[in-house]
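Contents: one structure, followed by commentary.
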2 protein chains.
Amino acid sequence: MEELFEYLARYSPLSEGSKRAIAKISQELHIRKNSDLQPIGHTCKTIYFLKKGIARIYYFKDDVDITESFSFEGHIVVRYESLFTGKPSKKGIQMLEDSDVIAINASGLFKLYDRHRDIERLFRNIFEAALIDQVNRIESLQFHTADERYKALIKDAPDIIKRAPLKYIASYLGITPVSLSRIRSLR
Amino acid sequence: MEELFEYLARYSPLSEGSKRAIAKISQELHIRKNSDLQPIGHTCKTIYFLKKGIARIYYFKDDVDITESFSFEGHIVVRYESLFTGKPSKKGIQMLEDSDVIAINASGLFKLYDRHRDIERLFRNIFEAALIDQVNRIESLQFHTADERYKALIKDAPDIIKRAPLKYIASYLGITPVSLSRIRSLR
DNA sequence: GTAATTTATTATCATATGTAAAGTGTTTTC
DNA sequence: GAAAACACTTTACATATGATAATAAATTAC
């Protein structure tokens, strides 16, 4: 659990009691490469922290597999639109490598908000940071070319090329694998 | 202020004392059509509630004016990436009509969090909802055609066509005005 | 109210990306 | 380790969108 608390401490401090409370509603999981951490159709009731490994959130649009986002070790994975609405998500979470994950029970966490104000504040800060990330992603999608987005991705996460199949990277960039191949062949 | 409190009540309840505290750090403004509520380059230190009128968040990319988002009466406008980082925003907020706005001082608001837990909780809820909106916007930009995005926009906000210049709508959709003209002429 | 400016449309041509199909290389399965 | 499945690249052609320019329509300024 230590990695998780190091991550959380980056957002705001937690009392020892709050840490114990979070530990109590969390459990460590090992997930095999290519298997689903959460399948499509389930309601998101868990906040996952990636200790080791890399994940993607994906869904199907007209039978085409679309990668909405990648998440790396040392970060959390959440399907916000399901977690905060309580509705089933049409998105799944798949691990792209054999992975170690800490699963935090979300309804348990939200209950802790009342008695542990530092926890509520901490997760408010985490979700505010996530909001910033999403705004920046929109900017990237709205007015950068596919080529620019690809360059930005490999700058941001150079090892993504080695760790995720190009077909997933392509749909993440909003293009087809064929088009990504073309972009890559220009270098 | 009543419209503001009706809006806030949709997210979670506020005590009378909390309402008074918010009113104290808020002020009503009248803004002329086409003028900036917040110019580019300023740090976002205010959360605006639109009583009447319509706003856009915009910025310049390579001298081209880009509309990042529209906001309508009965909703708030915030440049999250600046509000939560404290960094100057490269985005401005412009009113597209003569407008009535309630300006909530953000640092004043954040100070209220300590003594008014209902306020912290309320704004956590508001920002969580904003996070959902951004996730959905990403999905729209990532895997819908410009034509689909245009249809979705007029379904979502039919009067946007009458109230915002098409050039702004075009850049919001991630296309040029010429391309938007083409899309529109197909109907 | 007229002139000047801005906004929107249309046409033409260029470019980027999509689709489909074929071929090559890699991984998985038994 | 061979066969099958999958991933990636390349080519050819189709389509959508961009860039530019000309024109028309609407708005703004005086």
Side-chain angles (χ1 to χ4, degrees), chain A residues 31-36 53-54 56 58 60-67 70 94-98 139-154 159-187, chain B residues 31-36 53-54 56 58 60-67 70 94-99 139-154 158-187:
Chain A
I31 309 284
R32 281 273 174 66
K33 176 171 180 171
N34 289 333
S35 68
D36 273 0
I54 171 175
R56 71 179 185 118
Y58 71 100
F60 287 93
K61 153 148 173 132
D62 304 333
D63 292 325
V64 179
D65 178 320
I66 311 254
T67 296
F70 293 107
Q94 183 191 19
M95 302 308 309
L96 301 183
E97 301 170 347
D98 287 354
E139 194 181 316
S140 150
L141 282 169
Q142 188 178 9
F143 253 86
H144 290 87
T145 64
D147 183 76
E148 289 169 327
R149 298 200 299 274
Y150 176 71
K151 279 185 202 156
L153 176 66
I154 52 179
D159 59 344
I160 188 78
I161 303 296
K162 300 283 178 201
R163 299 174 72 186
L166 288 174
K167 58 177 180 169
Y168 296 159
I169 295 174
S171 71
Y172 171 78
L173 295 172
I175 56 179
T176 60
V178 175
S179 196
L180 178 57
S181 258
R182 273 192 289 242
I183 286 169
R184 282 161 53 79
S185 72
L186 301 177
R187 252 164 286 278
Chain B
I31 309 285
R32 282 272 173 68
K33 176 170 178 171
N34 289 333
S35 67
D36 273 2
I54 173 175
R56 70 179 185 117
Y58 72 100
F60 287 93
K61 154 146 172 131
D62 305 333
D63 292 326
V64 178
D65 179 319
I66 312 252
T67 296
F70 293 107
Q94 182 190 21
M95 302 309 307
L96 301 182
E97 301 171 345
D98 288 353
S99 303
E139 192 180 319
S140 150
L141 281 169
Q142 190 178 9
F143 252 86
H144 290 86
T145 64
D147 184 75
E148 289 170 326
R149 297 200 299 275
Y150 176 71
K151 280 186 201 153
L153 175 65
I154 53 178
D159 57 345
I160 188 79
I161 304 296
K162 298 283 178 202
R163 297 175 72 187
L166 290 174
K167 60 177 181 170
Y168 295 158
I169 294 174
S171 71
Y172 171 79
L173 295 172
I175 56 178
T176 60
V178 175
S179 195
L180 178 56
S181 260
R182 271 191 292 241
I183 286 169
R184 282 161 52 80
S185 72
L186 302 177
R187 254 163 285 279

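This is a predicted model, so every value here is computed, not measured. Convention: sequence-line order gives letters A, B, ...; per-chain numbering from 1.
For B:Gln142, there are no side-chain hydrogen bond (donor to acceptor under 3.5 Å, both in side chains) partners, not counting sequence neighbours. With sequence neighbours excluded, no residue satisfies salt bridge (charged side-chain N to carboxylate O under 4.0 Å, His left out) with B:Asp98. For B:Lys61, the salt bridge (charged side-chain N to carboxylate O under 4.0 Å, His left out) test picks out A:Glu148, with sequence neighbours left out. Under the side-chain hydrogen bond (donor to acceptor under 3.5 Å, both in side chains) criterion, B:Asn34 pairs with no residue at all, not counting sequence neighbours. For B:Asp159, the salt bridge (charged side-chain N to carboxylate O under 4.0 Å, His left out) criterion is met by B:Arg163, not counting sequence neighbours.
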Please table the atom pairs, donor to acceptor, closer than 3.5 Å between any side-chain atom in residues 167-181 of chain A and protein atoms at least two apart or in another chain.
from	atom 1	to	atom 2	distance (Å)
A:Ser171	OG	A:Thr67	N	2.8
A:Ser171	OG	A:Tyr168	O	3.3
A:Thr176	OG1	A:Ser179	N	3.2

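The rotation axes computed at either terminus of the helix from C:dG1-D:dC30 to C:dC30-D:dG1 lie 60° apart, taking five pairs at each end and rounding to 10 degrees.
Annotation: side chain of A:Arg56 is in contact with side chain of A:Asp65 (closest heavy-atom distance under 4.5 Å). With a 4.5 Å cut-off on side-chain heavy atoms, B:Phe60 and B:Ile66 do not count as touching. Using a 4.5 Å heavy-atom cutoff, the side chains of B:Arg149 and B:Leu153 are not in contact.
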Determine, for nucleotides 13-30 of chain C in 5'-to-3' order, which nucleotides have protein heavy atoms under 4.0 Å from the base (write B), from only the sugar-phosphate (write S), or from neither (write -). ----BBBB----------
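Minimum interatomic distance between B:Ile54 and B:Met95 (heavy atoms only, all atoms of both residues): O-CE, 3.5 Å.
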Is there a side chain to side chain contact (heavy atoms under 4.5 Å, CB included) between A:Arg182 and A:Leu186 once you walk through the steps? CA-CA 7 Å; A:Arg182 273 192 289 242; A:Leu186 301 177; 6.0 Å; no
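Interface limits on DNA chain D: the 5'-most and 3'-most nucleotides within less than 4.0 Å of chain A heavy atoms are D:dA7 to D:dA12.
Near DNA chain D, meaning a heavy atom under 4.0 Å from it, residues 165-173 of chain A has A:Pro165, A:Leu166, A:Lys167 in order of number.
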